[in-house]
Engineer: 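Take this structure, written in structure tokens, and hold onto it; I'll ask about it next.
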Amino acid sequence: MLLLTPAPERATSPGPVPSGNEVEKWLSDVSANLVGFGVLLVVAVILWFVGRAAINGFTRAVERGAPLADARARRALSKARISVAEPDTVEERLEAERRRQRAGTLRKVLKSALAVLLAALVVMTGLATLGVPVGPMLASAGILGVALGFGAQSLVKDILSGIFMLMEDQYGVGDVVDLGEATGAVEEVGLRCTRLRSLDGTVWYVPNGEIRRVGNMTRMWSRAMIEVRFAYDTDVEAARQAMIDAVLAAKQEREEVAAALLGEPEVAGIESLEYNAIMLRLMCQVNPATQWDVQREVHRQMRRLFAERGIALAVPGEAMMFDSKANPDKVRLHDSARPGSDTAPKGEDGRPLPPSNDED
């Protein structure tokens with residue numbers, strides 16, 4: 001009878017254990033490199049503060065600009081024999097606000113880029129200090145970057161579009177823009193995407209590479225525009241004056257409207273003739289992003305003035321109008337009698353009876 005004995009298990013070796021000399025050598029190398037790593041940390045901190053100061057100085061220069069009201073700028077232009085118009089106070093204020101928004105956007109993007117660059121430098125140096133081979137990692141990163149360049153073309157497209165968008169100053173934080181698929185106020189502008197918040201509170205993230213067109217509603221100044229359709233026989237001059245008076249009344253009643261208006265209201269005349277109405281258009285220049293508040297207040301004043309002055313608005317052709325002062329019980333419809341209605345049988349209440357079902 002044969003007895004089968006299990007084979008003895010082989011001990012798995014955990015691998016070569018570093019000797020004491022190797023550990024001592026590694027610790028000595030790390031301790032020697034720690035001095036350089038500490039110096040690099042100090043340099044990185046210094047570069048961070050210097051870079052922040054440089055970015056703040058650059059963005060302040062962008063924010064300050066070279067306004068035409070500056071005496072030195074005007075003297076330089078006069079020496080170059082370039083005629084310069086007198087600066088407009090309103091235009092100068094709006095341009096200063098626009099430069100401030102652009103400078104804030106550039107400041108955020110440049111500080112983020114500086115932080116990423118310094119963090120990558122510190123991490124790579126820290127790995128080299130611990131003895132991790134950085135050269136093969138950089139080579140692999142180069143190959144990986146080429147592969148990502150082909151595979152992540154949309155990401156590269158978004159970043160390039162974001163760079164050109166910032167250079168061209170198409171819009172900035174605080175602007176109300178229409179990007180095609182989304183419309184709202186710009187909350188953040190990045191190199192890869194733009195964050196919008198729509199009127200209903202929805203937050204939209206739009207990749208910069210997907211933006212085909214940009215409609216900026218608050219660049220420098222905005223325009224409040226109100227179109228009103230009046231009855232065809234309305235006195236045009238009376239309606240025009242009532243629309244202008246509505247803006248003046250809103251300006252006197254609300255300080256916000258007075259501060260938002262940048263010019264006098266304009267009603268050019270009849271903009272269109274329709275079969276049942278004439279249309280007048282009111283336009284006035286206002287501060288950026290204030291046109292909606294101004295329009296709401298002017299609408300309220302228009303409703304009051306039109307009622308006081310007896311100016312009638314147009315009524316669609318399909319609408320039915322009744323005299324509001326008449327008793328609804330006495331309303332009569334003057335319809336013509338249908339053919340053959342006189343010979344139809346009627347009941348006791350005078351209503352026509354349904355046709356008989358008799359076959360005779």
Side-chain angles (χ1 to χ4, degrees), residues 85-98 171 174-178 183-185 198-199 213-326 331:
E86 291 297 326
D88 187 4
T89 305
V90 175
E91 293 292 336
E92 183 181 354
R93 179 170 59 84
L94 294 177
E95 181 65 26
E97 178 65 20
R98 181 62 192 175
Y171 54 86
D175 285 337
V176 180
V177 296
D178 181 1
T183 302
S198 63
L199 184 62
R213 62 172 178 82
V214 176
N216 196 331
M217 306 178 191
T218 55
R219 176 67 182 264
M220 298 291 296
W221 52 270
S222 300
R223 174 170 288 159
M225 185 174 67
I226 301 175
E227 295 180 351
V228 183
R229 286 171 171 78
F230 298 94
Y232 207 84
D233 56 350
T234 301
D235 186 347
V236 176
E237 186 59 31
R240 175 180 174 275
Q241 188 61 43
M243 297 176 71
I244 295 177
D245 292 343
V247 179
L248 299 179
K251 180 180 179 181
Q252 293 177 358
E253 186 172 336
R254 295 286 301 276
E255 296 181 357
E256 296 83 357
V257 176
L261 291 174
L262 300 178
E264 297 298 327
E266 298 179 2
V267 180
I270 299 177
E271 298 294 338
S272 66
L273 286 174
E274 303 175 8
Y275 74 96
N276 65 336
I278 58 174
M279 192 267 283
L280 301 182
R281 180 183 295 132
L282 170 71
M283 295 186 298
C284 53
Q285 189 174 349
V286 296
N287 281 331
T290 61
Q291 63 267 36
W292 299 287
D293 295 335
V294 172
Q295 288 174 179
R296 280 190 289 268
E297 185 62 26
V298 173
H299 278 145
R300 189 174 70 87
Q301 296 295 336
M302 280 185 178
R303 177 176 177 272
R304 179 181 62 82
L305 291 178
F306 291 163
E308 291 178 355
R309 302 181 185 183
I311 300 176
L313 301 181
V315 179
E318 297 79 5
M320 297 180 61
M321 294 188 63
F322 299 95
D323 188 1
S324 60
K325 298 180 180 179
V331 175

Engineer: For a 4.5 angstrom cut-off between non-hydrogen side-chain atoms, does Val236 reach Leu280?
Structural biologist: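 Of all side-chain heavy-atom pairs linking Leu280 with Val236, at least one is under 4.5 Å.
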Engineer: So, do Val228 and Met243 sit near enough that their side-chain heavy atoms are less than 4.5 Å apart?
Structural biologist: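 Answer yes - side chains close enough.
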Engineer: Looking at CD of Gln285 and CG of Leu261, how far apart are the two atoms once the value is rounded to the nearest 0.5 Å?
Structural biologist: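 Reported value, rounded in 0.5 Å steps: 10.0 Å.
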Engineer: Supply the atom-to-atom distance Asp175 CG to Arg219 CZ, rounded to the nearest 0.5 angstrom.
Structural biologist: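 Taking CG in Asp175 and CZ in Arg219, the distance rounds to 8.0 Å.
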Engineer: Side chains of Gln301 and Arg254: closer than 4.5 Å at any heavy-atom pair?
Structural biologist: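 No, every pair of side-chain atoms sits at 4.5 Å or beyond.
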Engineer: Do the charged groups of Arg309 and Asp245 touch, with an N to O distance under 4.0 Å?
Structural biologist: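 Answer for the salt bridge query: yes.
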Engineer: Rounded at 0.5 Å granularity, tell me how far CG in Leu262 sits from CG in Asn287.
Structural biologist: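 Here the rounded value is 4.5 Å.
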Engineer: Do you know which two heavy atoms are closest between Cys284 and Pro265, and how far apart they sit?
Structural biologist: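 Reported closest heavy-atom pair: CB-CA, 3.9 Å.
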Engineer: Excluding sequence neighbours, so at least two apart, what forms side chain to side chain donor-acceptor pair (under 3.5 Å) with Glu237?
Structural biologist: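 With neighbours one apart ignored, the set is Arg240.
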Engineer: How far apart are the C-alpha atoms of Arg223 and Gln291, what are their side-chain angles, what is the distance that settles it, and do they pass the side chain to side chain contact (heavy atoms under 4.5 Å, CB included) test?
Structural biologist: CA-CA 6 Å; Arg223 174 170 288 159; Gln291 63 267 36; over 6 Å; no
Engineer: Evaluate side chain to side chain contact (heavy atoms under 4.5 Å, CB included) for Arg213 paired with Asp178, printing each intermediate quantity in order.
Structural biologist: CA-CA 8 Å; Arg213 62 172 178 82; Asp178 181 1; 3.7 Å; yes
Engineer: Can you name the nearest heavy-atom pair linking Ala314 to Asn276, along with the distance?
Structural biologist: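 Where Ala314 meets Asn276 most closely, the heavy atoms are CB-O, 3.9 Å.
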Engineer: At what distance, to the nearest 0.5 angstrom, does CD of Glu297 lie from OG1 of Thr290?
Structural biologist: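 Glu297 atom CD to Thr290 atom OG1 measures 13.0 Å (nearest 0.5 Å).
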Engineer: May I ask you to test the Thr218-Val176 pair for a side-chain heavy-atom distance under 4.5 Å?
Structural biologist: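 Yes, close enough: below the 4.5 Å cut-off.
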Engineer: What are the two closest heavy atoms between Val298 and Ala250, and how far apart are they?
Structural biologist: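 Looking at all heavy atoms of both residues, the shortest contact is CG2-CB, 4.2 Å.
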Engineer: Among residues two or more places apart or on two chains, list those pairs meeting salt bridge (charged side-chain N to carboxylate O under 4.0 Å, His left out) that have a residue in residues 258-271.
Structural biologist: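 For residues 258-271, and leaving out neighbouring residues, the salt bridge (charged side-chain N to carboxylate O under 4.0 Å, His left out) pairs sorted by first residue read Glu271-Arg281.
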Engineer: Output all residues satisfying side chain to side chain contact (heavy atoms under 4.5 Å, CB included) with Leu273, sequence neighbours left out; order by chain, then residue number.
Structural biologist: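 Counting only residues at least two positions away or on another chain, Leu273 forms a side chain to side chain contact (heavy atoms under 4.5 Å, CB included) with Tyr232, Ile270, Ile278.
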Engineer: Write down the atom of Leu305, the atom of Ala242, and the distance for their closest heavy-atom approach.
Structural biologist: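 Residues Leu305 and Ala242, closest heavy atoms: CD1-O, 3.6 Å.
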Engineer: Any side-chain heavy atom of Gln241 sitting closer than 4.5 Å to one from Val267?
Structural biologist: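 Result no, sub-4.5 Å side-chain heavy-atom pair not found.
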Engineer: If you count the non-hydrogen atoms of other residues, nucleotides and ligands that lie under 6.0 Å from CZ in Arg303, is the total more than 12?
Structural biologist: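 Incorrect, the count does not exceed 12.
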Engineer: Hey, could you give me the OG/CD distance between Ser272 and Glu227, rounded to the nearest 0.5 Å?
Structural biologist: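 Reported value, rounded in 0.5 Å steps: 7.5 Å.
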Engineer: Give a yes or no on whether the backbone of Met217 and the side-chain of Ser222 come within a donor-acceptor separation of less than 3.5 Å.
Structural biologist: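 Side chain of Ser222 to backbone of Met217: a pair is present.
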Engineer: Just how far is it from atom CG of Leu282 to atom CE of Met302, taken to the nearest 0.5 Å?
Structural biologist: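 Between atom CG of Leu282 and atom CE of Met302 there are 4.5 Å.
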